[in-house]
Structure formats: C-alpha cells, structure tokens
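Beneath this line is the structure, given in structure tokens, with notes to follow.
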Protein chains: 2
Amino acid sequence: MSQLDEQDLTRDRILQAALESFAERGFKATTVRDICSQAGVNVASVNYYFRSKESLYKEALVYSFKEVDRKYPPAVLASELLPPEDRLRLFIRTLLLRLMDNGQLGLHAKLMAREIAEPTAALDYVVETVMRPRFEMLRTLLPDFVGDGWDAADIDRFILSLIGQCLIYRHARPMVERLCPETMSSPDAINRTAEVIFEFSLAALGQLGTGIGQRT
Amino acid sequence: MSQLDEQDLTRDRILQAALESFAERGFKATTVRDICSQAGVNVASVNYYFRSKESLYKEALVYSFKEVDRKYPPAVLASELLPPEDRLRLFIRTLLLRLMDNGQLGLHAKLMAREIAEPTAALDYVVETVMRPRFEMLRTLLPDFVGDGWDAADIDRFILSLIGQCLIYRHARPMVERLCPETMSSPDAINRTAEVIFEFSLAALGQLGTGIGQRT
DNA sequence: ATGCGGATTAAACAACTGTTTAAATGATGC
DNA sequence: GCATCATTTAAACAGTTGTTTAATCCGCAT
C-alpha cells in the first residue's frame, strides 16, 4: 500500500499537520490547502499519498493512536496486581492527564473528543479496540467497591459517572475555563482535580457499597 | 431592529430551520442553502432578514434559549424552599432530562454542546446569563452537604463532577450508545440514570462531608 | 387606478473547496 | 549518458460556498 521505504518524509509531515489541523478545527473546517501549507508540501500531495481528504483523516486518527501507545505503552494493564483503590486512582489520574495534556497527547484527546461527539465511521474501530477493553476492565473492578448485588446497567452508570467527571474538563473546557479556571490553571491544579475526582468517586462507591446492593 | 410586526413568518421559519441544522450538523457544515430549502424560502432571505450566516447563528442561539425558557419557565429558582437533597435531585434530573430530550429541548442541548466544545463569541453571553447563575446556586448549595471547611476550588471541582456525570450522556452519546446502550435506551432508563447520578453524588458528598473538611 | 415600500425572487458574483492533470524534477540502475 | 521510475509541481477543473444585485411581486394608502 505504501511505496518504497526510503524516507516518506513528505507523508509524515502531512500526517502530523493533518493531526494538528483536524484536532484543532475539525474535519469540515480543515482545508487540504491548510494542511499542505502547514506541512510545506504541494496541494496535490494529499491525493497522491492518501487518496482523499477523508482517508487522510482516518490515517491521521490511527497515527494519533500509535503516538499515544508509543508514550503510554501498556500502562493500564500493568495495574492488574495493584489493590482496587490504587487501580481506580491510576485509571482516573491517567485519563485526566491525557485529556489535559498540551502536547501531542492533547492533540489526540482533542481529536477523540471530536470523534466521540460527532462520530465518523472510524469511531466503531476506536471503540472496539481501545475503549471497550478499558470499559470491561472497569466492569470487573467496580464490584470490588459496591458489591455484586447491582444491576449490570447500574454498574455501567457508575462507570459513566467516573468517566464523565474527567471528560467534562476536555469536552466542556471553554465552559470550565470561564466558570472555574482555578480547577485547571496549572499542573498542580490538574493533579488536585484528579485527586478530588478519585476521592469523590471512592466516597460514592464506598458509601453505595455499604447498602449491600440496591436494585433496579 | 425588526420590521413591522405583521407575520414575520419567513423569518421564524428560517430561525427554526437554522436551529435544527446548526444543532444537527454544526455551523461550518451547515449551508445557507440547506437552511433555506428546509425552510422553503429563497436563498437571499437569510441575508435579508439576518445580515449574514454568522449573525443568523447567533440569533438562532438566543432563539433556542427563549424556547427553553418558554417550556421551563423559572424551574430552578422555584426550588429555593426545598430541602438541599431535593434541590440537588431536582437539579440533576432537570439537567439530564434536558440533555436527553428528543424534541426542541434536545436541539437546544445539541447546539449548546457544540458551543461549549467549540465556542464562538456567543458563548460568553450564554455563560454569564445562564450558566453562571446556576453555578453560583450550586456553590451555595454544596456546603450544605460537605461542610464549610473546603477550598473554594474543591467546591467547584465537586460541582464539575456533578455536571460531568450528566454531560457525558450528551457530549459522548455515540460512545455511550456503543458501550452501554441500556443506560439510555428508554425514558425509564434515563430516569434511572438520573436517580443513579443523584445517589452517586449524594453518597459522595455525604461521605466527604463526614470528614469535616479536608484541605488543599 | 396609481404609486409607494417592503418582501421575494432568479440570477449572478467572486472566493474557495477537493481533486485531477500533465508536465517537470530528480534519483537510480544500466 | 540514458531510460525509468516515483515524486513534486503549477495549473486547471468542476462544484459549492456566502453574498449581492436588480428585477418582480404584492398589499395598501392615496
């Protein structure tokens, strides 16, 4: 599918520029000419290396995932041996820090936020390969906190409550910055936010757990 | 600013069509011709009644708010007399139901989700007039649960945790539908979700409150 | 009827979109 | 040196965009 493995320098530059533009402005608002001028290549290069703007978008998406895996290799899986509380703290902290990253990781988070809010065909792939495994991990983890008496749907709701507390800082960032900038004004503030989300969640799960299982 | 108050039928039809298109597809992806054909009016009408696509967007945004206020008049303010727990439950339930509405309310929610994730100049107006008052209300409400010993920034983090649990069902709806559709598959499921979010939050706040105030 | 003014229309406008073309470039093996 | 090939380039393409124009329509007071 790709030509000789000489340099592919042009291709990579397009990919990186595309990632930045798509993450920052979205698919529709990003023009092929923007990408190419930012990458310093000719307009026709996009259709030469990738066959269309849309397929470039898809490749930028998987490229984005590769970059993340390169920096956070196994990460979550390594926590299998830790006690439940530490696993929960690690999950929340990792998720929030990724979402708040200002570098390449942040581009990935922005791109994913767009994909989640307004999915293309690529979302199904992302959900199945990346998100569902982590979701399943939480499904096995949460009964350690709240007990086994809960409806499966309620367990899922708890999981969404955990994730939702983190996602808001990315998906509603402009709102957060206006209403309470102190919560994300510095790395320390973000660390504190992660800790508060963890404590909030732990308190909730622990308290709900003492009820030995409510029902639907 | 508006002409004679005869019918303004055309203007209203454009406004409604614009709201639907902007909510469904976003500002950039929506074309003036789409709006006009959906409204059954001439293309030039947009520039005649509103002077540009962008100012039509702004008017559609305030129109959207008017529609919401028409259906949920004072709502939140009426709860001043209720006990804190009921106020919290009412807030969460109202927020989630608005976010999940499938009618006009839902269009408003979609539009707001777009505006929050990718703000235009209109967001500042929306934040100050609509969101900040509700945020302040929560700022006064939360100490009833967790006590007064908390850092102001931590109180704000609690508030974001509350809101985040609700927002995820709108902002990450495509993801939720793929990972755990049961949490929002029916009105009953959504009601249950609201209840779980409330219980989750109440448990968290109550538990954190027993610590008589942690610190930063 | 007549003329006035807002409302509506079809048509055109210029700018921009993604994509294609065909020629030029440049390295590589012979 | 020459032919071959992928690569790069400027230019053009056809379609769409928001907006403007100028003509037409229509209700209504005169």
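Chain naming here is simple, since letters A, B, ... match the order of the sequence lines and numbering starts at 1 in each.
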Take A/Cys180 and B/Leu160 through the side-chain contact (heavy atoms from CB on, under 4.5 Å) test and state the conclusion after the steps.
CA-CA 9 Å; A/Cys180 42; B/Leu160 292 179; 3.6 Å; yes
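- Residue B/Tyr48 places no side-chain N or O under 4.0 Å from the OP1 or OP2 atom of C/dT9.
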Taking it one step at a time, do B/Glu115 and B/Phe22 satisfy side-chain contact (heavy atoms from CB on, under 4.5 Å)?
CA-CA 10 Å; B/Glu115 187 66 30; B/Phe22 285 142; over 6 Å; no
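- Listed candidates were C/dT19, D/dT21, C/dT20. Nearest to the side chain of A/Val32 is C/dT19.
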Under the side-chain hydrogen bond (donor to acceptor under 3.5 Å, both in side chains) rule, what do A/Ser55 and A/Arg51 come out as? Steps first, then yes or no, please.
CA-CA 7 Å; A/Ser55 97; A/Arg51 48 176 193 69; 4.9 Å; no
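- Proximity of B/Ser45 to the phosphate of C/dA7: no side-chain N or O atom is located under 4.0 Å from OP1 or OP2.
- Considering only side-chain atoms of B/Thr31, the nucleotide from C/dG18, D/dT17, C/dT9 that sits closest is D/dT17.
- Comparing C/dT8, C/dA10, D/dG18 by their closest approach to the side chain of B/Lys53 singles out D/dG18.
- B/Phe27 carries B/Lys53 over the face of its six-membered ring, with the cationic atom under 6.0 Å from the centre and within 45° of the normal.
- OP1 and OP2 of C/dG18 both lie 4.0 Å or more from every side-chain N or O belonging to A/Ser52.
- One can place CG of A/Asp34 at 13 Å from C1' of C/dG18, the figure rounded to the nearest angstrom.
- In this model, the phosphate group of C/dG18 is not approached by any side-chain N or O of A/Asn47 to a distance below 4.0 Å at OP1 or OP2.
- Rounded to a whole Å, the CD1 atom of B/Ile14 is 13 Å from the C1' atom of C/dT9.
- The NZ atom of A/Lys28 sits 12 Å away from the C1' atom of C/dC16 (whole-angstrom rounding).
- What separates CG of B/Asn42 from P of D/dT24 is a distance of 16 Å, to the nearest Å.
- Regarding A/Leu9, its CG atom lies at a distance of 14 Å from the P atom of C/dA27, rounded to whole Å.
- In this structure, B/Tyr49 reaches the C/dT8 phosphate: one of its side-chain N or O atoms is under 4.0 Å from OP1 or OP2.
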Can you list the steps and then say if B/Asp154 with A/Thr183 is a side-chain contact (heavy atoms from CB on, under 4.5 Å)?
CA-CA 8 Å; B/Asp154 283 348; A/Thr183 59; over 6 Å; no
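- For A/Arg33 and D/dA12, the CZ to P distance is 13 Å, given to the nearest whole Å.
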